[in-house]
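Here's the structure we're looking at; comments come further down.
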Amino acid sequence: MTAQTIAVPPPARASGAGALQRLSTWLYRHPRLALAILLAPPLAWLGIVYLGSLLALLAQSFFYLDGFTGLIVREFTLRTYAELFTGSNLDIILRTTVMATVVTLACALIGFPIAYYMARYAGPRLKPLMYLGVMLPLWSSYLVRVYSWKLILAKEGIVTWIFAKLHLLWLLDAILSIPVIGGPSLSTAYLGTFLVFVYIWLPYMILPIEAAIERVPRSVIEASADLGAPPRSTFRHVVLPLAIPGVVAGSIFTFSLTLGDYIIPGIIGSSRPFIGQAVYSHQGTAGNIPLAAALSVVPIVIIAIYLRIAKRLGAFDAL
Amino acid sequence: MAVIAQALGDRPKAPWGIRLAALAGILFLHLPLALIILYAFSAEDKSYVFPPPALTLKWFPLAFDRPDIWAAIGLSVRVALIATALAIVFGTLAAAAIYRSSFFGREAVSLLLILPIALPGIVTGIALRAAFNIAEIPFSFWTIVVGHATFCIVVVYNNAIARLRRTGSSQIEASMDLGANAFQTFRHVVLPNLATALLAGGMLAFALSFDEVIVTTFTAGQQTTLPIWMLTELVRPRQRPITNVVAVFVIAVTFLPILAAYYLTRDTHEVHGSGK
Amino acid sequence: MTEGNLPAVRFVEVSRHYGAVKAVDGVSFEIADGEFFSLLGPSGSGKTTCLRLIAGFEQPNAGAVLIHGRDMAGVPPYERDVNTVFQDYALFPHMSVADNVAYGLMIRKVRKAERRARAEEMLEMVKLGGLGGRKPGQLSGGQRQRVALARALINRPRVLLLDEPLGALDLKLRQAMQMELKGLQRQVGITFVYVTHDQEEALTMSDRIAVFNHGRIEQIGRPGEIYEHPATAFVAGFVGVSNLIDGALAARLFGRPEAVAIRPEKIRILPEGAAEPENAWIADGRIRDATYLGAASRYYVTLDAGGEMVVIEQNQRTGASDTLAAIGRRVRLSGPLGEALPLAAERAA
């Protein structure tokens, strides 16, 4: 190879972009500092504003409300937490947890076929449409979606109308007369609350399951068929176990969102409160901020326990 | 070949049971919204009777003339715009810092980013309220913005980091290799790549903020955002027809940015990683 | 005729189209029972589609695929006595290595104790004894490859399909696995159908090779035949390196206007004006460039008669400096006339 000089302009080290260039080089030589500069603003915001607030909340839960003076006593005590285990508070916690569990199960049952169809069968044209069909409700207005159920479940609304047209009003009445879940009308029964919760959180269950099934390589499913497994066995032994992490991820959403919601049971359902409502009324009208704080720690603890169990069951191992 | 096979090959037909369940599920998600649109035209104003006795357009001009609704919309838009702007700045910075480097506490930082949407909204709300109380900050427009920006950051962050991961580091390395400094690389390589992801994240953040009610009830003083206005109507319905019209308006306002965000990122399924 | 005499796999005028793309276009061939048969070709040539047609992941648009004489039309993969080693191994990530290997037996409802014993036996065979408790994610690439092999063999299939199984391994490991696979095939005595784009791999391992191009078979034959008597210019170029001499140049060099291929290692470089050897062709030219390859050197010679030839010479007594010094030198090329391999008339490609 002959040494040939090719005319290449020398690297621009001229003064114009000099300051930025020097700064860039300096940052290149000090990567830790560059990282710190990038991270400082968001961390300052979340660390001070958000984490600070959470700690403030946690601190409040160790204070207590003096029943006689109605003032908050700012000294460390566990008596507010002890209050959680008294009759009505325990009822609230139990009621909310049961509801969250049932809602999660229902979401998984309804969501799985949709996710499975999307991931395995929907063609290249249908899949984006279905995806949008799940995404739109997830991102669209929460309040409007709750409101729609007020219309649907009203005594004079569409559900009653459908039952009447089918001459099944007796069935609706029978359902509503079931002790705990029933009530005067669907919009004032636990059953109604349950329906709305399932409707509102369902997309959060579908998307992670779909993602998990989508991640199963085509060749793995073919390998199962190749080794003699008919579709049903392939589903049971390969697809389902690999979809479980998705179900767990989705259930974390549905479970935690139900635990913390205070709007839905206030609008649709019986008058017996859920954790969120209790927190709201304690911090508001009752002015018992320590109890509100302690109550709002409850969903966090329940979710932490839930995550621990899910991990122990090996739900996170597969992926 | 496998690619062609997937695009054109004969896809297995779903068993009818699964098809039916999927169809029913999608309908379940969408029919309630369709019903609201129908009710906005219902002539009945005292109850939610179905089917509507007659259809009318008269509620739309009535709602249009309501100054309180316009004030609520104005407030919601201003809050959403500022919260989104803050979220874009913070979310992009965080994504740029996290996506490639490994440092002590990286996991903790990403957890911190996700926490505001991972924890129930009521926890975020009451925590902020407690903090404002302790710091003796009066509730105002800005306290609402603070609350909204906090949970919007993660939406932008999720979109930005997904795009950065997909772009990979070789483009950035190539740019540096060809003589661009960090700022030029950001301007000419990173930003053009990131632009649609940021736009999508921003739109989702806007939709999220415009619609937020739980945190807002704790961080607003006397201000009434549109969701707060709706919430009062939901708890005690006094003007059902007007509420129906507002609901239709909200559906329209939130659907458009979501659709736009979806089409901006549709090749990558990025939006999907971002829970609300 | 007993079943044993039937070909293990038989393709009769098989075509597989994706819209306008003809992945496999009217292909016919037979694979004998117990044979190591390779499908060789560049990517997109239809070899993998043929494998998937045998496995049952694809159905032909036309023609018939027969396995041991039975027409496989409409037979799903799980009812075929055929197993596959996938290119990406396709191990089940949620199962242990032993469960992966025993999967076929579990589906067949074999008792647990027997399952475990046979899985361990298979793992021993692929030299992974004792690793059954691990998850696939904890294994190296070569180990995963062996697990995939054990999993496919445990069902004792009559035909084993291998889809570029060594593609993801590094060179040393790949060469070791080639020998092992060949040995394994002799040991278990079942038919191997092996897809690869690596001509050296195909030549090393196969009893017979089918060379694919554009969805058709260019040539089927034993490795020696394919290499020494390529039927078409494509085969001559794809399997090894060849100097393709078109009719016009051949007329000037050999006096016969018939296209031929000449292997670079079958050409000798003689000094300019050297005597003409017996039964050989000669061509004069100048060395345009040369590359030192270590054991051998490659020379690019511009011919006076037009065109260029590549020549490979072993470096028995010469070295790197000799190679470079040769550039620009005038030389005479020569080779046995018998090594100028006549090519079949080109089909329109």
Side-chain angles (χ1 to χ4, degrees), chain A residues 1-4 108 112 115-116 119-121 123-126 208-251 309-319, chain C residues 48 51-52 54-58 75-96 99-110 134-138 144 147-157 159-165 289 291 324 327:
Chain A
M1 169 111 184
T2 51
Q4 205 171 25
F112 199 95
Y116 187 63
R120 297 274 298 124
Y121 296 111
R125 266 185 299 271
L126 182 61
I209 299 180
E210 199 271 341
I213 300 176
E214 186 101 55
R215 264 195 301 256
V216 180
R218 194 183 156 90
S219 65
V220 165
I221 289 163
E222 285 178 351
S224 173
D226 184 70
L227 293 165
R232 204 170 281 270
S233 304
T234 300
F235 178 81
R236 210 185 110 214
H237 296 294
V238 178
V239 179
L240 196 60
L242 289 174
I244 289 295
V247 178
V248 171
S251 72
I309 294 173
K311 195 166 185 176
R312 188 153 300 171
L313 287 176
F316 301 117
D317 289 356
L319 293 176
Chain C
T48 297
L51 199 77
R52 294 172 63 83
I54 304 174
F57 306 134
E58 310 264 352
V75 179
Y78 46 89
E79 285 170 13
R80 297 189 184 203
D81 197 4
V82 160
N83 286 123
T84 308
V85 176
F86 289 82
Q87 188 171 9
D88 61 356
Y89 313 145
L91 299 181
F92 304 124
H94 57 298
M95 295 180 189
S96 70
D99 287 346
N100 260 286
V101 174
Y103 186 83
L105 300 179
M106 179 200 66
I107 293 296
R108 258 151 239 205
K109 304 204 164 58
V110 173
R134 299 217 187 150
K135 285 276 171 79
Q138 297 168 306
R144 276 183 230 180
V147 175
L149 197 60
R151 185 180 71 173
L153 284 172
I154 201 166
N155 281 347
R156 296 176 186 148
V159 180
L160 184 73
L161 309 175
L162 302 103
D163 185 6
E164 309 214 8
D289 205 350
T291 323
L324 296 177
I327 297 174

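Quantities reported herein were computed from a predicted structural model and do not represent experimental measurements.
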message: Using every non-hydrogen atom in the two residues, find where Arg151(C) and Ala223(A) come nearest and quote the distance to one decimal.
response: NH2-CB, 3.3 Å
Which atom of Tyr103(C) lies closest to which atom of Ala229(A), heavy atoms considered: OH-CB, 3.7 Å
Once you round to the nearest 0.5 Å, how far does [atom1] of [X] lie from [atom2] of [Y]?
X: Tyr78(C); Y: Ser233(A); atom1: OH; atom2: OG; result: 9.0 Å
X: Ile107(C); Y: Leu227(A); atom1: CD1; atom2: CG; result: 8.5 Å
X: His237(A); Y: Met95(C); atom1: NE2; atom2: CE; result: 7.5 Å

What part of [X] gets closer than 4.5 Å to chain A, counting heavy atoms only: side chain, backbone, both or neither?
X: Leu91(C); result: backbone
X: Ala152(C); result: backbone
X: Asn83(C); result: both

query: Does any pair with a residue in residues 225-238 of chain A pass salt bridge (charged side-chain N to carboxylate O under 4.0 Å, His left out), and if so which ones, sequence neighbours excluded?
result: none
- prompt: Do you know which of Ile221(A), Thr234(A), Val238(A) has the most heavy-atom pairs with chain C at a distance under 4.5 angstrom?
  reply: Val238(A)
message: I need the single residue from Phe57(C), Phe86(C), Tyr89(C) that forms a side-chain contact (heavy atoms from CB on, under 4.5 Å) with Ser219(A). Which is it?
response: Phe86(C)
